[in-house]
Amino acid sequence: MAAYWRSMPLKNSELRLDRTLACGQSFRWKETQTGEWTGVLGGLVWTLKQTATELFFRTHPSFSVPSVKQEQAVTPEPLIHKGTLGKNFTKKEAHSSVGCVAEDLCDPVTVKSENADLAVNSSHNEDYEHSLLEDYFQLHVDLGQLYQTWAQADLNFAQTSQKFSGIRILRQDPVECLFSFICSSNNNISRITAMVNKLCSYYGKKIVEVEGIPYFSFPTVSALADDSVERTLRELGFGYRAKFISQTAQYIMTNHSENWLLSLRDMDYDKAKDLLMKLPGVGGKVADCVCLFSLDKTGAIPIDTHVWKIAARDYMPKLRQAKSLTDRLYQEIGDHFRSLWGEYAGWTHSVLFTADLRHFQETNDKGLPAKKEILKRSNKLAVEKDSKCTKKKR
DNA sequence: CCTGGACCTGC
DNA sequence: CAGGTCCAG
């Protein structure tokens, strides 16, 4: 068992799994044991954990049998193939296209003929797995350095951030990111998570079961563009978002292509945001989430009601008089933060946003949260019922 | 431009 | 109300 685990040196201050994976930028990670996080990334199921100086990781072996319905496979299955990956994979490729890296690197024909009896993870994939994590957590970005710079520019950040180190932006698959955040509108985190899981189990492909829990890949755009999707999602309780998801998927397949979203990484922020906002169900806030969490737009700042309150409370007192968050104010708040924090302002915002989440109020930098807090987290009811006492602060 | 409402569902 | 978006006036 221990043999599956590998590790890389990584300071706690550069990455805190608990804060980074549970602060609402991704809805796909679950704390399966205390301090252990399991989720899907690059077509594989991973479990991660860490100490003060090391990141431990393992993937869960799956026997990927080629799908029976290959005939309609617009996109190849996200299989990781021994021969291809071991030989050709480079760090650079991982960095440029993690969202579809498995697809890029797999010849579907080869996979089909040779993969049936091949365990997905083998020692040949070690470099690949290592690179995938570096890419996903954007480990080339020196977070400690950024924290220092931000602290110099902003006293409020300097104070708050002391107890909230290691919060970084993930580099997610844009497809997963887009459809997840379409689900987020006027909604709460637990329901968003449930909806994302439903998308995966109904329209994704099962990768492997771990401890009795099945894990699925995120569906392709093409799968979500099927005519039946809106009705099905309505029945599954998606409400009006069912239409948004269906229409957005169809819009992308009609006017662009499966991989179009990835190409937005090569555009500047304004252009990418502009194009995203043409999609049904995608306004400024969701577009900024996709820009920041999956398209490398480090200065994108999603301003939701929560961030708006932080801005009014700690940075822009004049906002206290504003009735609602108009487009103009949205732009103004973002610009204010960008000029204060600089190029990585989206990352900065994420630290303050996370620090302000009730969920994290009792954590501290000495280590993992108090035992009391862990118990609470495992029991959502307890957390939510107890919201009375800190309500006013937010 | 800005403002108010409707839109799904569930705790 | 919940980490919004869209549409009309």
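Values reported hereafter were calculated over all heavy atoms of this structure, with side chains retained and with hydrogens, waters and symmetry mates removed. Naming convention: chains lettered A, B, ... in sequence-line order (proteins, then strands); numbering from 1 in each chain.
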Verify the cluster assignment for Phe216(A) and Leu199(A): are they in a single hydrophobic cluster under the rule of side-chain heavy atoms below 4.5 Å apart?
no

How long is the line joining CG of Leu325(A) and C1' of dG4(C), in whole Å?
10 Å

Would you please confirm or rule out a distance under 4.0 Å between OP1 or OP2 of dG4(C) and any side-chain N or O of Thr305(A)?
yes

Using the ring of each side chain (for Trp, its six-membered ring), is His130(A) parallel, tilted or perpendicular to Phe57(A), with breaks at 30° and 60°?
perpendicular

Length of the CG-P vector between Asn187(A) and dA2(C), whole Å
12 Å

Please tell me if Arg328(A) has a side-chain N or O lying less than 4.0 Å from either OP1 or OP2 of dC2(B).
yes

Does any residue of residues 234-242 of chain A have a heavy atom under 4.0 Å from DNA chain C, and if so, which ones, in number order?
Tyr240(A)

Think Ser324(A) has a side-chain N or O under 4.0 angstrom from the OP1 or OP2 of dT3(B)?
yes

Distance in angstrom units between Asn186(A) CG and dC6(C) P, rounded
13 Å

Would you measure the distance from the P atom in dC1(C) across to the matching atom in dG5(B) and give it in whole Å?
15 Å

Intra- and interstrand pairs of DNA chain B - dot-bracket, Watson-Crick/G-U under 3.5 Å, | marks other strand:
.||||||.||.

From the options dG4(C), dC2(B), dG3(C), select the nucleotide whose nearest atom is closest to the side chain of Thr326(A).
dC2(B)

Would you measure the distance from the C1' atom in dC11(B) across to the matching atom in dT5(C) and give it in whole Å?
23 Å

From the list dG3(C), dC8(B), dT5(C), which nucleotide is the closest neighbour of the side chain of Phe181(A)?
dG3(C)

Just checking Tyr315(A) against Trp341(A), ring centres under 6.0 Å apart?
yes

Distance-only donor-acceptor hits, side chain of residues 44-52 of chain A, under 3.5 Å, sequence neighbours excluded:
| unit_1 | atom_1 | unit_2 | atom_2 | d |
| --- | --- | --- | --- | --- |
| Trp46(A) | NE1 | Leu41(A) | O | 2.9 |
| Thr47(A) | OG1 | Thr38(A) | OG1 | 3.0 |
| Thr47(A) | OG1 | His60(A) | NE2 | 2.6 |
| Gln50(A) | OE1 | Leu17(A) | N | 2.9 |
| Gln50(A) | NE2 | Leu15(A) | O | 2.9 |
| Thr51(A) | OG1 | Thr53(A) | N | 3.3 |
| Thr51(A) | OG1 | Glu54(A) | N | 3.1 |

Between Phe244(A) and Tyr240(A), what is the ring plane arrangement, given parallel below 30°, perpendicular above 60°, and tilted in between?
perpendicular

Is Lys318(A) paired with Glu332(A) through a side-chain N to carboxylate O contact shorter than 4.0 Å?
yes

Taking any heavy-atom pair under 4.0 Å as a contact, classify Val282(A): base, sugar-phosphate, or nothing.
sugar-phosphate

Cation-pi check, Arg58(A) to Tyr4(A): give yes when NZ or CZ is under 6.0 Å from the six-membered ring centre and within 45° of the ring axis, no otherwise.
yes

Quick check: Phe157(A) with Tyr147(A) (ring centres under 6.0 Å apart)?
yes

Closest to the Lys323(A) side chain: dA2(C), dG3(C), dT3(B)?
dT3(B)

